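Atom set for the values below is all heavy atoms of this structure, side chains included, hydrogens, waters and symmetry mates excluded. Keep in mind that what you see is a predicted model, and the values were worked out from it rather than measured. So you know, we letter chains A, B, ... as the sequences are listed, proteins then strands, and number each from 1.
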2 protein chains.
Amino acid sequence: MSQMHNVESQLREMILGLEIGPGERLTERWIESRFGASRTPVRAALLRLETEGLICRDGRGWTVSPINLAELEQIAVYREAVEVAALRLTCAQGDKSSVEVVEAMLDSCGSGTPREEWHRVGMDFHIDLARLSGNEFLFRAVRDAMTRLSRARWLEVRDEAALSRAWAEHHAILAAVRTGNADEAARQLSAHIVGSRDRLVTSLRNDRRGLRARGFAVVAA
Amino acid sequence: MSQMHNVESQLREMILGLEIGPGERLTERWIESRFGASRTPVRAALLRLETEGLICRDGRGWTVSPINLAELEQIAVYREAVEVAALRLTCAQGDKSSVEVVEAMLDSCGSGTPREEWHRVGMDFHIDLARLSGNEFLFRAVRDAMTRLSRARWLEVRDEAALSRAWAEHHAILAAVRTGNADEAARQLSAHIVGSRDRLVTSLRNDRRGLRARGFAVVAA
DNA sequence: GATACCAATTTGGGATACCAAGTTGGTATC
DNA sequence: GATACCAACTTGGTATCCCAAATTGGTATC
């Protein structure tokens with residue numbers, strides 16, 4: 001694998017894993033020494049991460065994108081549009097066998113599952129569901145949106161009840177898809193996205209002070 | 001303006017303007033000498049254009065993305081999702097004054113307007129309409145989709161009747177928006193997008209041989 | 001003590017040199 | 001004439017060097 005992809009993927013993991021906090025400044029030289037690559041692949045990686053929205057320009061330099069509550073709200077609207085569209089395409093397909101794969105992924109999470117796994121499965125559910133539509137653009141849109149949401153979702157305070165609630169909603173969506181009831185599935189998915197957004201934004205707004213104390217920049221809605 | 005942006009915008013214009021044909025090979029050294037920049041900004045520009053889908057990797061090198069009929073079909077589905085969502089947001093807004101700006105842009109095109117202008121206005125209509133929603137993600141999605149469609153729309157054989165048909169459909173959509181009739185506006189927009197796609201794909205499929213003869217790579221659906 | 005100013009350092013943008021892998025064109029062999 | 005093989009060239013990937021602008025830290029002046 002090339003140095004560019006090395007730097008890109010490792011830096012992405014560090015940002016998504018909050019090893020580098022939202023709002024933190026990045027210098028090309030630091031990345032260079034941190035990953036043992038020269039500036040050419042470093043700069044290429046930065047350019048790619050910029051298009052993903054994980055970093056942004058800060059005058060002349062680079063900054064890890066802050067958590068932006070207004071952005072989270074807009075992403076939810078965007079998600080609703082593309083995910084519902086993808087879901088309707090999937091419902092219109094005859095073959096429902098692929099739904100079972102997604103269902104199996106959900107069921108792989110139980111009471112003893114670590115939080116990282118809940119987090120990953122919670123995102124992959126939406127991404128894989130979009131992939132089933134067969135539309136590359138809807139799929140990419142959902143994947144990119146979930147990537148942008150990833151850090152905020154990780155910072156959200158979620159108890160066991162919230163996790164199982166999301167899990168149940170995911171199952172309800174799949175059940176509607178399996179019966180081919182597109183309207184019902186779309187309704188469930190919309191409600192799920194809107195509800196998730198409300199809980200996410202509320203949680204972050206309440207924790208904003210604490211998050212800032214941990215060095216995480218959170219921009220208000 | 002930096003060299004990177006120079007190369008990026010000039011190369012984008014050359015690709016969108018079909019001065020470099022779909023499927024054509026690009027070498028960093030050629031771009032370097034063509035624009036008088038060194039490889040560092042050239043590579044940065046290539047990476048950015050890659051994320052726009054205007055160029056793609058071809059093994060070790062770079063290729064101007066071919067016209068892909070299957071992709072055009074998928075983009076239409078994607079557009080329908082995001083444009084309708086944006087339109088519904090706009091309809092829900094109280095202030096309808098911004099619609100008039102879009103309307104004025106449409107009316108700036110008449111029988112004597114050059115084809116370039118029709119082409120630009122036809123795209124900007126959809127982009128500006130999406131911008132009115134106030135949702136940055138829906139807006140970017142539409143803008144990027146229209147960018148990807150741009151070359152194909154330019155190659156489409158369009159007579160005077162087709163142009164005025166699109167013009168009338170655009171006006172009908174705005175009329176529905178102005179009265180706040182979201183369902184009607186959405187129906188009109190969906191029909192417009194689907195109809196445009198059908199005519200576009202049909203036209204390109206019919207002309208495929210001729211386009212290939214001109215050196216333009218057209219990938220079948 | 002506050003502030004204006006200057007030098008040293010840092011940093012991103014760009015240019016260039018080098019390398020490895022792949023391609024090409026020609027040549028020698030059969 | 002076809003083919004196997006080799007050398008020269010091309011090309012993208014990477015490292016490194018230079019530069020201008022911005023930041024920083026300290027100092028002198030008021």
Would you sort out whether A/R140 and A/E136 count as a salt bridge (charged side-chain N to carboxylate O under 4.0 Å, His left out), showing the intermediate values?
CA-CA 6 Å; A/R140 274 187 230 157; A/E136 185 69 17; 3.3 Å; yes
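Taking atom CD1 of B/I31 as the reference point, atom C1' of C/dA15 lies 17 Å away to the nearest angstrom. Spacing between atom CZ of B/R48 and atom P of C/dG13 amounts to 11 Å, rounded to whole angstrom units. Rounded to an integer number of Å, the gap from CD of B/E28 to P of C/dA15 is 14 Å. One can place CG of A/L47 at 11 Å from C1' of C/dG13, the figure rounded to the nearest angstrom. The distance between atom CG of B/L46 and atom C1' of D/dG12, rounded to the nearest whole Å, is 11 Å. For A/W30 and C/dT10, the CH2 to P distance is 18 Å, given to the nearest whole Å. We find that CZ of B/F35 is positioned 17 Å from C1' of C/dG14, with the value rounded to whole Å. Rounded to whole Å, atom P of C/dT10 lies 14 Å from atom CD of A/E32.
Using bins of under 30°, 30° to 60° and over 60° for the plane-to-plane angle, the ring pair B/H192/B/H126 lands in the parallel bin.
Picking from D/dA15, C/dG13, C/dA15 the nucleotide with the shortest atom distance to the side chain of B/S2 gives C/dG13.
Because its NZ or CZ atom is not both nearer than 6.0 Å to the ring centre of B/W118 and within 45° of the ring axis, B/R158 does not count as a cation-pi partner of that residue. Judged by the 6.0 Å distance and 45° axis criteria, B/R25 is not positioned over the aromatic ring of B/W62.
Closest-nucleotide positions on DNA chain D for A/M1 and A/R25 were compared, and the one nearer the 5' end corresponds to A/M1. Residue order along DNA chain C, read from the 5' end via each residue's closest nucleotide, puts B/G36 first among B/R29 and B/G36.
The two residues A/C109 and A/V121 make their nearest non-hydrogen contact at SG-CG2, 3.7 Å. Nearest heavy atoms, A/L155 versus A/L211: CD2-CD2, 3.9 Å.
Across residues 50-62 of chain B, B/R57, B/R60, B/G61 each have a non-hydrogen atom less than 4.0 Å from an atom of DNA chain D (numbered order).
At least one side-chain heavy atom of B/L129 sits less than 4.5 Å from a side-chain heavy atom of B/L174. Between A/S150 and A/H119 there is a side-chain heavy-atom pair separated by less than 4.5 Å.
Close to C/dA15, at under 4.0 Å from its OP1 or OP2, lies no side-chain N or O of B/R39. At least one side-chain nitrogen or oxygen of A/R43 sits closer than 4.0 Å to the OP1 or OP2 atom of C/dG13. Distances shorter than 4.0 Å separate some side-chain N or O of A/S38 from OP1 or OP2 on D/dA15.
Contacts of B/L26 with the nucleic acid, taken as non-hydrogen atoms under 4.0 Å apart, involve only primed sugar atoms and P, OP1 or OP2. B/T40 comes within contact range of at least one nucleobase, with a heavy-atom separation under 4.0 Å. Using a 4.0 Å heavy-atom criterion, one finds that A/A44 contacts no nucleic acid atom at all.
For the helix from C/dG1-D/dC30 to C/dC30-D/dG1, the angle separating the two terminal helix axes comes to 10°, with each axis derived from five pairs and the value rounded to 10°.
With no hydrogens or angles considered, a side-chain donor-acceptor pair links B/S190 and B/E80 at under 3.5 Å.
Remark: side-chain polar atoms of A/S133 are not paired, donor with acceptor, to backbone N or O of A/A86 under 3.5 angstrom.
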